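As structure tokens, the structure follows; a few thoughts come after it.
Counting convention: from 1, in listed order, for ligands and their atoms alike. The model shown is predicted, which means the values in this text are computed figures rather than measured ones. What's counted below: heavy atoms across the whole structure, side chains too, no hydrogens, waters or symmetry copies. By convention here, the first residue in the shown sequence is residue 1.
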Amino acid sequence: MKLHEYQSKELLERYGVAVPRGTVATDGPSAHQAAEQFGGKVVVKAQVLMGGRGKAGGVKLFDSADEAGKFAGELIGKRLVSIQNPTGLVVEKVLVGELIDIAEEYYLSVLLDRAEQRLVVMVSQEGGMDIEEVAATHPAAIVRLYVDPAWGLADFEVRDAVAKANIPAKAQRQMVSMIKALVKTYIESDADLVEINPVAWTSDEKLIAADAKVSIDDNALFRHPEYQATKDDAAEDPIEAEASRRDIAYVRLGGDIGIIGNGAGLVMCSMDEVKAAGGNPANFLDVGGGAQAERVQQCVELVLMDENVRGLLINIFGGITRGDEVAKGILEAFGKIDVKIPVVARIEGTASDEAIRMLEGTQIVGAVTMQEAAAKIVALAQSSTG
Ligand code: GDP
Ligand code: MN
């Protein structure tokens with residue numbers, strides 16, 4: 001679960017990271033009031049969970065509270081669109097932050113390196129810009145420091161990495177402290193990402209987190225009840241947010257063939273088969289065990305919220321769950337919702353013959369193998385849209 005910038009800053013501050021003073025506002029007048037607190041010298045920042053927010057016009061500096069309040073009022077309720085998020089997100093809150101006088105910008109993050117099976121700290125002198133771009137154009141500018149899971153980080157290692165990253169001598173001591181605080185935040189908060197970009201070096205020689213991005217491992221959210229309440233808002237995509245509310249494992253992928261299956265592995269196979277048949281998966285959706293009518297209905301509704309979907313593939317392997325029960329669930333679900341696009345269902349396993357017979361004469365086209373089902377749905381989707 002991604003935390004908003006203001007939540008990330010609150011968390012980091014508790015671990016001793018310096019952050020600019022700031023107030024969250026949900027309308028123009030309260031943003032104006034917040035800006036007055038800081039003498040009008042503020043930065044107004046849209047609190048949306050998407051990359052490229054600054055370039056999308058979601059971050060602006062001011063030296064008057066009137067201007068800042070006016071901008072905030074216009075920004076709230078507006079949809080911000082960036083290269084990283086073409087669908088965009090509606091701004092609901094802004095952070096009104098005290099303006100800091102930035103002399104230099106660095107980069108800092110902690111994440112898990114799965115191949116190394118360790119946490120890795122990434123430090124760079126080149127902050128403020130897209131780190132992927134730095135990685136692509138001059139990878140040597142990013143220094144990686146691996147955290148030993150048993151011993152943690154020794155001070156000398158951190159100092160060494162900071163020096164290697166060409167962080168100026170005057171900023172090194174504060175950078176070392178910030179790195180140690182970040183690693184502690186990461187571990188104790190069950191994070192899967194902590195990133196500060198930019199780490200600001202101010203004209204009065206202070207190292208401050210000008211931006212902050214923390215993501216908490218979803219599987220550890222039960223240990224962090226303070227974030228659970230805002231979990232559903234954390235999805236970048238409105239359909240993913242709805243899926244989270246319905247407790248359905250759904251990921252939007254951008255194609256036009258909707259997919260519903262039981263078991264993550266089977267769903268991924270279905271995605272591969274759709275791709276192999278010349279189609280593009282619109283989503284990943286694991287219906288979970290049982291596949292009761294109501295559950296199936298909820299899943300179908302969810303997949304169809306994506307307006308790009310032109311065909312639906314249902315791929316169920318009946319193990320303990322009988323195929324005919326699944327077919328009954330599907331038929332009940334489709335009796336309640338008006339589905340206008342072609343649907344192909346492949347039901348394999350226990351009582352599958354029965355299941356396929358039950359689907360005969362309905363709007364749902366049966367298929368015996370996954371390959372056959374994928375080929376059918378791709379062809380039907382193409383012919384139904386010309
Ligand atoms: P992002 O585009 O979503 O990553 O937004 P950031 O919070 O990183 O802000 C983008 C840029 O705005 C930063 O790289 C800074 O250059 C600038 N910025 C943000 N906050 C301040 C501030 O308090 N003072 C100054 N001078 N610049 C700021
Ligand atoms: Mn940033």
Give the atom numbers and elements of ligand 1 that come within less than 4.0 Å of a heavy atom of [X].
X: Asn197; value: 8 (O)
X: Gly54; value: 1 (P), 2 (O), 3 (O)
X: Val43; value: 20 (N), 23 (O)
X: Arg53; value: 1 (P), 2 (O), 3 (O), 5 (O), 6 (P), 7 (O)
X: Glu105; value: 13 (C), 14 (O), 15 (C), 16 (O)
X: Pro198; value: 8 (O), 13 (C), 14 (O)

Charged N-O contact under 4.0 Å between [X] and [Y]:
X: Glu67; Y: Lys70; result: no
X: Arg144; Y: Glu116; result: no
X: Arg246; Y: Glu242; result: yes
X: Glu354; Y: Arg357; result: yes
X: Arg223; Y: Glu188; result: no
X: Glu5; Y: Lys213; result: no
X: Lys376; Y: Glu372; result: yes

Legend entry - Heavy-atom protein contact below 4.0 Å for atom 28 (C) of ligand 1: yes
Inset, instruction - Look at atom CD of Gln371 and say whether more than 12 heavy atoms of other residues, nucleotides or ligands are closer to it than 6.0 Å. - result: yes
Legend entry - Short side-chain to backbone donor-acceptor contact, Gln382 and Ala379, under 3.5 Å: no
Inset, instruction - Verify, without hydrogens or angle tests, whether His224 (side chain) and Ser189 (backbone) share a donor-acceptor contact under 3.5 angstrom. - result: yes
Pairs of nitrogen or oxygen atoms closer than 3.5 Å, one from [X] and one from ligand 1: do any exist?
X: Lys55; answer: no
X: Glu5; answer: no
X: Ile100; answer: yes

Legend entry - ring-ring contact (aromatic ring centres under 6.0 Å, His included) between Phe62 and Phe71, worked out: CA-CA 9 Å; Phe62 294 94; Phe71 174 74; 5.3 Å; yes
Legend entry - Ala375: partners by side chain to side chain contact (heavy atoms under 4.5 Å, CB included), with sequence neighbours left out: none
Legend entry - 2.8 Å cut-off (strict), protein N, O or S atoms about the Mn ion (ligand 2): 2
Give me the residue, atom name and distance of the protein heavy atom closest to [atom].
atom: atom 7 (O) of ligand 1; result: Lys45 NZ, 2.6 Å
atom: atom 6 (P) of ligand 1; result: Asp211 OD2, 3.5 Å
atom: atom 10 (C) of ligand 1; result: Val59 CG1, 4.3 Å

